[in-house]
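Whatever order the structure lists ligands and atoms in, that order sets their numbers, starting from 1.
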Amino acid sequence: MDREPDEQAAETVRQLRSLATPEGAAALSRAGELLAGRTDAVTALSRLRAEVGADLAGPAWGVARQRDKARASFGAEAARLLFTGDALEQAGRPALADRRAARLLTGGATSVADLGCAAGTDTMALARAGARVVAVDRDPVARELTRLNTAALGLTAVEVLDADVVDLVAAAADGRVAGCDSAVLDPARRSGGRRQLDPDRWSPPWSTVTALLDRVPAAVVKVAPGLDHDRVPDGIEAEWVSVGGSIVEALLWGREPSRTWRRATLVRDGAVLELTAGADPGPAPVAPVRGWLHEPDPALIRSGLMSLVAAELDATLVDPTIAYLTSDSRADSRWVSSYRVTEVLPFNLKKLKALLRARGVGRVVVKKRGSPIEPETLARQLRGPGTGSAVVVVTRVAGAPTVLVCEPLSG
Ligand SMILES: C[S@@+](CC[C@H](N)C(=O)[O-])C[C@H]1O[C@@H](n2cnc3c(N)ncnc32)[C@H](O)[C@@H]1O
């Protein structure tokens, strides 16, 4: 029988507490071994029931599976932390949380309200950076996870608070919220397992985001990378961060830590590259396709700073609405990936296939921008017997559906 949400949460809290005991830790470690040995779920659960008891078996298996997933971003520390599937799905990357915490605290703040703590990723980063943290969440499972995770890491300057962030921010005064002189707000941007695109429907909603930025100068808010620039209040720095070529987060920095208008941050192989502009640099100029095509990093595109890199590379846009740049030479810049263009033709599947066959191309990577095509499907359709490979870019050039055939990326 289905449980009521409150009962379900109380049961999850009870299970998490049982896993934080020495018996629970032993059950978790055994579940981790079975998982590492690729034991199937049915066998693993029956072994666990026999070895650690029915009460601990299910929760230990569930958390071990979440730890396994968490290892990609939490590293070895994942093995000391507890997660539910829901909390892990909402968790940011610890390395980025550390970076945010360090920047927030450079202004001299000593205490931080983590407004919506979930499994405690930001709370742990802030406490590790030396702040006193008030971790707030209205979800009892999130509060328990934060309590247990900070305790597991020996982080003691943490108070966990059951409160509604909307009310706390409404009551913020004199630059303080929840008794702290700074704040991190990371609204829940998913509901029913789906991304919530409308900021007014985030939890807490956009009105709480702007109220916090207005009332607490030493604040940072994590927002969706797709946030419309028009939403960013005046005097607030917006930063877009990509890791390994994928956009992972966007941040709004409060008036105290704000240093510029927009910032693009690229993290790759542990190195961090930043680009800033104090005012809108405007769009890059548009001109016909030349010998090289440059695919900008998503943080560069979203931050609205593409024209800065275009000017540096002597590059132009292929279309006013499309984020591809073109120039006469390969770009020596980490902000773009460059491809040598061998052919530019109107989009026509039959002609494209014939051209690739004639060139001996058998393997194709398809990229697209401004086109409804499905890259995997087109790549399958273009596969042939040839031994060569090519990058096929389907896009719009001067408004027309166009294909650029490029040499594969080298170096
Ligand atoms: C995106 S998660 C935070 C993730 C966290 N920063 C991390 O990286 O692990 C948002 C959290 O805010 C909490 N939350 C949403 N609305 C809230 C509200 N009005 N008051 C208190 N907590 C809220 C949710 O329960 C959820 O745990």
(request) Using distance alone, with no hydrogens and no angle criterion, decide if Q15 and E11 have a side-chain donor and acceptor under 3.5 Å apart. (result) yes
(message) Whether the R138 and S203 side chains hold a donor-acceptor pair (N or O, under 3.5 Å, no angle test) is what I'd like checked.
(response) yes
(request) Identify, for atom 1 (C) of ligand 1, the protein heavy atom at the shortest distance, and state residue, atom and that distance. (result) Q90 OE1, 3.3 Å
(message) For D181 and S111, which I'm curious about, is there any donor-acceptor pair between the side chains at under 3.5 Å?
(response) yes
(request) In plain terms, say whether R100 and E249 are close enough for a salt bridge, that is, a side-chain N and a carboxylate O under 4.0 Å apart. (result) yes
(request) State the atoms of ligand 1, each with its element, that fall below the 4.0 Å cut-off from a heavy-atom position in D139. (result) 25 (O)
(request) I would like to know whether T260 and W253 meet side chain to side chain contact (heavy atoms under 4.5 Å, CB included); could you show each step before the answer? (result) CA-CA 10 Å; T260 189; W253 291 96; over 6 Å; no
(request) For the residue pair R302 and S242, confirm or rule out a side-chain donor-acceptor distance under 3.5 Å. (result) no
(request) Find all atoms of ligand 1 within a distance of less than 4.0 Å from any non-hydrogen atom belonging to A91, and give their numbers and elements. (result) 7 (C), 8 (O), 9 (O)
(message) To check your reading of the model: name the closest protein heavy atom to atom 20 (N) of ligand 1, its residue, and the distance in Å.
(response) V165 N, 2.9 Å
(message) I need the nearest protein heavy-atom contact for atom 3 (C) of ligand 1: residue, atom name and distance, please.
(response) G116 O, 3.1 Å
(request) Please write down residue, atom name and distance for the protein heavy atom closest to atom 17 (C) of ligand 1. (result) R138 NE, 3.5 Å
(request) Tell me which protein heavy atom sits closest to atom 27 (O) of ligand 1, plus the residue, atom name and distance to 0.1 Å. (result) D137 OD2, 2.6 Å
(message) Under a 3.5 Å threshold, yes or no: a donor from one side chain and an acceptor from the other, between D86 and T84?
(response) no
(request) Pull out every atom of ligand 1 sitting under 4.0 Å from any heavy atom of D186, numbered as shown with elements. (result) 1 (C), 2 (S), 3 (C), 4 (C), 5 (C), 6 (N), 8 (O), 10 (C)
(message) How far is atom 15 (C) of ligand 1 from the closest protein heavy atom, and which atom is that?
(response) S203 O, 3.2 Å
(request) Write out the residue and atom name of the closest protein heavy atom to atom 8 (O) of ligand 1, then the distance separating them to 0.1 Å. (result) G92 N, 2.8 Å
(request) For C117 and ligand 1, answer yes if some heavy atom of the residue is under 4.0 Å from a ligand atom, otherwise no. (result) yes
(message) Under a 4.0 angstrom heavy-atom cut-off, which atoms of ligand 1 come close to A163?
(response) 20 (N), 21 (C)
(message) Between N149 and T146, do the side chains contain a donor N or O and an acceptor N or O under 3.5 Å apart?
(response) no
(message) Rounded at 0.5 Å granularity, tell me how far CD in E237 sits from CZ in R255.
(response) 14.5 Å
(request) Would you check whether V136 reaches within less than 4.0 Å of ligand 1, judged by its heavy atoms? (result) no
(request) Output yes when R231 and D200 qualify as a salt bridge under the 4.0 Å nitrogen-oxygen rule, no when they do not. (result) yes
(request) Return the residue, atom name and 0.1 Å-rounded distance of the protein heavy atom closest to atom 9 (O) of ligand 1. (result) T121 OG1, 2.6 Å
(message) For A97, state whether at least one heavy atom is located under 4.0 Å from any atom of ligand 1.
(response) no
